[in-house]
Structures are given as structure tokens and as C-alpha cells.
Amino acid sequence: MSRLRIYDDQIPGTPLAEFHDHATIEHELREAGVRFERWEANEPVWPGASQEQVIAAYQGDIDRLMKDEGYQAVDVISLKPDHPERATLRQKFLEEHTHSEDEVRFFVAGAGQFTLHIAGKVYEVLCEQGDLIGVPDNTRHWFDMSESPYFVAIRLFTNKEGWVAHFTGTDIAGRFPRMPPHPSATALAP
Ligand SMILES: CSCCC(=O)/C(O)=C/O
Ligand SMILES: [Fe+2]
Ligand code: NI
């Protein structure tokens with residue numbers, strides 16, 4: 001189940017609010033300028049599936065987003081708990097950063113945790129299968145896949161170069177909760 005926790009950015013220990021209802025999560029995030037939508041993730045793909053398999057399964061959605069919203073590039077992150085580079089991949093997104101383009105991610109399997117730092121608040125968003133999140137350009141954020149990653153996310157970019165991050169150099173991400181392993185990942189962990 002998707003989940004949103006909102007914190008004061010100075011008080012990591014206790015959320016100000018927590019929501020599980022998708023419509024409420026969408027509303028709260030929209031007020032913070034963040035897109036959050038429920039999409040159909042009906043084509044079965046599993047963490048570890050290849051980029052080609054995932055793109056073929058979701059070609060219709062990808063074409064629509066690229067045509068209607070001007071995205072220029074697409075790739076896939078597909079990870080399961082036995083990936084040999086899981087620790088390095090986790091580390092790549094774990095500290096606060098921004099992008100100069102907006103960030104659209106469609107979770108088609110498993111789960112991952114985006115945390116957004118906006119106007120003195122911290123929005124911790126547990127994205128599950130079927131969630132599409134759009135983080136506006138220059139928004140401070142980080143992403144955790146847990147120590148046992150279990151997800152497939154389609155990433156769309158307005159920049160043909162793909163993923164480019166600007167790290168803010170703060171230590172805020174380390175003060176807020178990391179993502180615990182997905183229940184399915186625990187069953188599969190090496
Ligand atoms: C869920 S896709 C991997 C994370 C990512 O692309 C990103 O930019 C995190 O901030
Ligand atoms: Fe990012
Ligand atoms: Ni409101």
C-alpha cells in the first residue's frame with residue numbers, strides 16, 4: 001500500500017501526519033507541487049526483468065507520455081535483492097540532490113521510497129506498483145531502494161542525456177528514515 005509521511009524538516013523522529021489513502025496522498029502532494037497518480041500496471045513484469053522486456057510491456061504508456069508530455073528519453077531500473085551491485089546502486093540516490101528537469105517515475109513492480117524536501121517539510125513517499133510520481137525540476141529529494149531492492153521503475157527524461165543529479169552536500173537524508181526491505185524482497189534475499 002502506498003504511504004505518505006510528512007515531517008517538519010527539523011524533526012525527523014516524529015511525522016506530523018501519515019496517509020495511506022491514495023486520493024489523500026495525491027491531494028497532499030499536489031499542494032506541494034508534486035504529481036502523484038495511480039496508473040494501471042497490468043502487464044506482469046518482475047524485478048530483474050530486462051529493460052527491453054519492461055519497455056515492450058509498457059510501450060503504450062511510454063509512447064503516450066513521450067508524445068503528450070514531451071519526454072525525450074526512457075530507461076528502466078529493475079532490481080532484485082541478489083543484484084551484485086545493489087549497495088553501490090542504492091548509494092547513488094541516497095543523498096539529497098536535485099535535477100534541472102522534472103523526474104517522472106512509473107513503478108510497475110515492487111516498491112521504492114522517494115523523500116522530497118520542500119519549503120521546510122519532508123515528504124516521505126512510499127511508491128508501490130502502479131504509482132507514477134513526478135518530482136518537479138530543482139526539487140530537493142533522495143531515493144531509497146532499501147538494502148534488498150525489489151522494484152521495477154520506468155524513468156522518463158526531458159533531457160536526452162538521461163539521469164544527471166546535482167548533490168546539495170547536506171546530511172539531511174541520513175537523519176530521516178531509510179526504507180525497510182519490501183516483504184517480497186525479504187523472502188528472496190540471498
Ligand atoms: C525510482 S528510479 C531511481 C531513482 C532515480 O532515478 C532518482 O532520480 C532518484 O532521485
Ligand atoms: Fe533524483
Ligand atoms: Ni488540503
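Reckoned from all heavy atoms, side chains included, excluding hydrogens, waters and symmetry mates. Positions are given from 1 along the sequence.
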What are the two closest non-hydrogen atoms of R5 and P15, and how far apart are they? CD-CG, 4.0 Å
Looking only at heavy atoms, what is the nearest atom pair of R38 and D131, with distance? NH1-OD1, 2.7 Å
Taking all non-hydrogen atoms of both residues, which atom of S78 and which atom of P47 are closest, and how far apart? OG-C, 3.9 Å
Residues two or more places apart in sequence or in another chain: which of them pass side chain to side chain donor-acceptor pair (under 3.5 Å) with R35? E37, E69
Counting C-beta onward and ignoring hydrogens, is there a side-chain heavy-atom pair between F143 and T115 closer than 4.5 Å? no
Kindly check if the number of other-residue, nucleotide or ligand heavy atoms within 6.0 Å of CD (E95) is above 12? yes
Could you walk me through whether I11 and L16 pass the side-chain contact (heavy atoms from CB on, under 4.5 Å) check? CA-CA 9 Å; I11 310 175; L16 301 170; 5.8 Å; no
Side-chain donor-acceptor contacts of residues 151-159 below 3.5 Å, not counting sequence neighbours, with atom names and distances?
from, atom 1, to, atom 2, distance (Å)
R155, NE, D75, OD1, 2.7
R155, NH2, D75, OD2, 2.9
T158, OG1, E101, OE1, 2.6
N159, OD1, E161, N, 2.8

Pair F106-I62, side-chain contact (heavy atoms from CB on, under 4.5 Å): steps then yes or no: CA-CA 10 Å; F106 177 27; I62 293 167; over 6 Å; no
Rounded to the nearest 0.5 Å, how far does CZ of R178 lie from CZ of F176? 11.0 Å
So, for Y7 and P12, which heavy atoms are closest and what is the spacing to 0.1 Å? CE2-O, 3.1 Å
Checking W142, F114, W163 against H97 for ring-ring contact (aromatic ring centres under 6.0 Å, His included), the one that qualifies is W163
Are the aromatic ring centres of H27 and F19 under 6.0 angstrom apart? no
Would you call R90 and D144 a salt bridge, taking side-chain N to carboxylate O under 4.0 Å as the test? yes
Compute the ring centroids of W46 and Y150, then answer whether they are less than 6.0 Å apart. no
Ion pair D8/K121, N-O distance below 4.0 Å: no
Indicate the ring-plane relationship of H99 and H141, choosing parallel, tilted or perpendicular according to the 30° and 60° boundaries. tilted
Kindly indicate whether the side chain of F36, heavy atoms from C-beta on, has any atom under 4.5 Å from the side chain of L132. no
Any salt bridge linking R3 with E124? Criterion: basic side-chain nitrogen under 4.0 Å from a carboxylate oxygen. yes
By the definition side chain to side chain contact (heavy atoms under 4.5 Å, CB included), identify the one residue from L116, T98, V34, I118 that meets it with P136. V34
If you define the side chain from C-beta out and look only at heavy atoms, does anything of H117 sit under 4.5 Å from E96? yes
Hey, are the side chains of R140 and N138 touching, using non-hydrogen atoms and a 4.5 Å cut-off? no
Indicate yes or no: at least one non-hydrogen side-chain atom of T139 is less than 4.5 angstrom from one of D137. no
Give me the atom names and distance for the closest heavy-atom approach of M179 to G112. SD-CA, 3.8 Å
